[in-house]
Amino acid sequence: MQTDMPQSAEPARRTVLKRAAGLSVLGIAGVIGLGSPSLTYAAALSKEDRDKMTPDQIIEGFKQGNIRFQTGKAHHHDYLAQKRASASGQYPSAVILSCIDSRAPAEIILDTGIGEAFNSRIAGNISNADILGSLEFACAAAGAKVILVMGHTACGAVKGAIDNVELGNLTGLLNKIKPAIDKTEYTKERVSSNNEFVDAVAATNVKLTIEEIRKSDILNKLESDGKIKIIGSMYHLDGGKVDFFA
């Protein structure tokens, strides 16, 4: 079948299809149109692509990915191809510390593919020794350049902490969230039935988690040297927007 595509354009098109998954985090969508549904993102992020990125570019890629998610224009990911491409090695650009809430899957919310980001999930997106070890591996050993802590609205773990819930090992986990309750400045009803208060505590909890992460000598030095950035964010279940903050 005859097409209108010039022969010189075909290699460029194949390049986009091969490498777009990696380049998407650089904001390629801004060049070719947000979330063009005709593009298939088939390649895993390569070391070369990852190493070219700055932390700010990676963060901007997350922001653009969330816009695509909100507007229903997410990239078409060929996950089987990404799986095959990443089977022999992985070069994620970032590590995301997020909550286990089933409504807040970070990779989908930020429109990333297989191999683009580590994701450490734990109720209430708290930090502990094991989480810190995972983040240190992701950045110091595997080369990730961004740590993104993602809280979300209507967080059940935050509500449980406010209500002093006690349940086996969950009790100790919720105790790690409780300092955020005391440090949240809020003058209205400070109860779990007040969604505004719950969300305010969740945002404070993100900031306290970042403070805990910076207590890692390894991660603190990487950030001080400008090799990584550690930032926070809040995902809104209603509407799908992610607010990013320092």
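For the numbers below, each heavy atom of this structure counts, side chains included, while hydrogens, waters and symmetry mates do not.
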Side-chain donor-acceptor pairs under 3.5 Å in residues 138-147, sequence neighbours left out?
unit_1, atom_1, unit_2, atom_2, d
Lys145, NZ, Arg50, O, 3.3
Lys145, NZ, Asp51, O, 3.0
Lys145, NZ, Met53, O, 2.5

Between Ala157 and Ala123 the two heavy atoms that sit nearest each other are CB-C, 4.1 Å
Rounded to the nearest 0.5 angstrom, the OG1-CD distance for Thr54 and Gln57 is 3.5 Å
Residues passing the side-chain hydrogen bond (donor to acceptor under 3.5 Å, both in side chains) test with Lys178, sequence neighbours excluded, are Asn164, Asn175
- Query: Given side chains that start at C-beta, do those of Leu173 and Asn169 come closer than 4.5 Å, heavy atoms only?
  - Reply: no
Original post:
When you measure from the side chain of Gln64 to the backbone N and O of Gly61, does any donor-acceptor pair fall under 3.5 Å?
Top reply: no
Across all chains, not counting sequence neighbours, the side-chain hydrogen bond (donor to acceptor under 3.5 Å, both in side chains) partners of Thr204 are Thr184
Within 6.0 Å of CD1 in Ile108, more than 12 heavy atoms from elsewhere: no
Salt bridge (Lys or Arg N to Asp or Glu O under 4.0 Å) pairs touching residues 214-241, sequence neighbours excluded, are Asp56-Lys229, Glu212-Lys215, Arg214-Glu223, Lys221-Asp225, Lys241-Asp243
To the nearest 0.5 Å, atom CD1 of Ile67 lies from atom CZ of Phe62 at 14.0 Å
Test item: Val95 and Asn119 side chains (from C-beta on) under 4.5 Å apart, heavy atoms:
no
| task | Taking atom types as modelled, find out whether Asn125 and His152 have a side-chain donor-acceptor pair closer than 3.5 angstrom. | result | no
Angle between ring planes, His77 versus Tyr79, binned at 30° and 60°: parallel, tilted or perpendicular? parallel
Looking only at heavy atoms, the pair that brings Gly115 and Leu45 closest together is O-CB, 4.0 Å
When every non-hydrogen atom of Ala44 is compared with those of Ser86, the smallest separation belongs to CB-CB, 3.7 Å
Residues passing the side chain to side chain contact (heavy atoms under 4.5 Å, CB included) test with Pro179, sequence neighbours excluded, are Leu208
Can you list the steps and then say if Asp78 with Gln82 is a side chain to side chain donor-acceptor pair (under 3.5 Å)? CA-CA 6 Å; Asp78 186 338; Gln82 291 174 8; over 6 Å; no
- Would you say the side chain of Glu196 lies within less than 4.5 Å of the side chain of Lys188, judging by non-hydrogen atoms? yes
When rounded to the nearest 0.5 Å, the distance separating OG1 of Thr209 from NZ of Lys176 is 10.0 Å
Residue pairs passing the salt bridge (Lys or Arg N to Asp or Glu O under 4.0 Å) test with at least one member in residues 151-168, sequence neighbours excluded, are none
- State, yes or no, whether a side-chain contact exists between Asp199 and Val158 at a heavy-atom distance under 4.5 Å. no
The reported gap from OG in Ser127 to CD1 in Ile210 (rounded to nearest 0.5 angstrom) is 11.0 Å
Joint hydrophobic cluster, Ile230 plus Leu148, side-chain heavy atoms closer than 4.5 Å
no
Taken in chain and number order and not counting sequence neighbours, the residues that satisfy salt bridge (Lys or Arg N to Asp or Glu O under 4.0 Å) with Glu211 are none
Does the side chain of Leu97 come within less than 4.5 Å of Arg121's, by heavy atoms? no
- Message: Would a single hydrophobic cluster contain both Met234 and Val242, if residues Ile, Leu, Val, Met, Phe, Trp and Tyr are joined by side-chain heavy-atom contacts under 4.5 Å?
- Response: no
With side chains defined as the heavy atoms from C-beta onward, is the minimum distance between Val165 and Leu174 less than 4.5 Å?
-> yes
Residues pairing under ring pair (Phe, Tyr, Trp, His ring centres under 6.0 Å) where one sits in residues 221-246, two or more places apart or in two chains, turn out to be none
**Asked** Is there side-chain contact between Ile96 and Leu110, with at least one heavy-atom pair below 4.5 Å?
**Response** yes
**Message:** Strictly distance-based, threshold 3.5 Å: is any side-chain N or O of Asn66 a donor or acceptor partner for the main-chain N or O of Ile109?
**Reply:** yes
- Query: Do the side chains of Ile126 and Val198 join up, straight or via other hydrophobic residues, at under 4.5 Å, putting them in one cluster?
  - Reply: yes
>> Apply side-chain contact (heavy atoms from CB on, under 4.5 Å) to residues Ser233 and Val206 and explain how you reach the verdict.
In response: CA-CA 7 Å; Ser233 63; Val206 168; over 6 Å; no
Rounded to the nearest 0.5 angstrom, the CD-OG distance for Glu116 and Ser93 is 6.5 Å
**Prompt:** Applying the 4.5 Å side-chain criterion to the ILVMFWY set and letting contacts propagate, would Ile218 and Leu132 be lumped into a single cluster?
**Reply:** yes
Those residues at least two apart in sequence (or on a different chain) that pass ring-ring contact (aromatic ring centres under 6.0 Å, His included) with Phe118 are Phe137
Query raised in the report: If Ile, Leu, Val, Met, Phe, Trp and Tyr residues are connected whenever their side-chain heavy atoms lie under 4.5 Å apart, and connections chain through other members, are Ile213 and Ile131 in the same group?
Result: yes
For residues 128-139, the side chain to side chain donor-acceptor pair (under 3.5 Å) pairs (sequence neighbours left out) are Glu136-Ser216
One should read off an interatomic distance between Ser193 OG and Arg190 CZ, to the nearest 0.5 angstrom, of 13.5 Å
Residues pairing under salt bridge (Lys or Arg N to Asp or Glu O under 4.0 Å) where one sits in residues 89-103, two or more places apart or in two chains, turn out to be Asp101-Arg103
Residues pairing under ring pair (Phe, Tyr, Trp, His ring centres under 6.0 Å) where one sits in residues 171-225, two or more places apart or in two chains, turn out to be Tyr186-Phe197
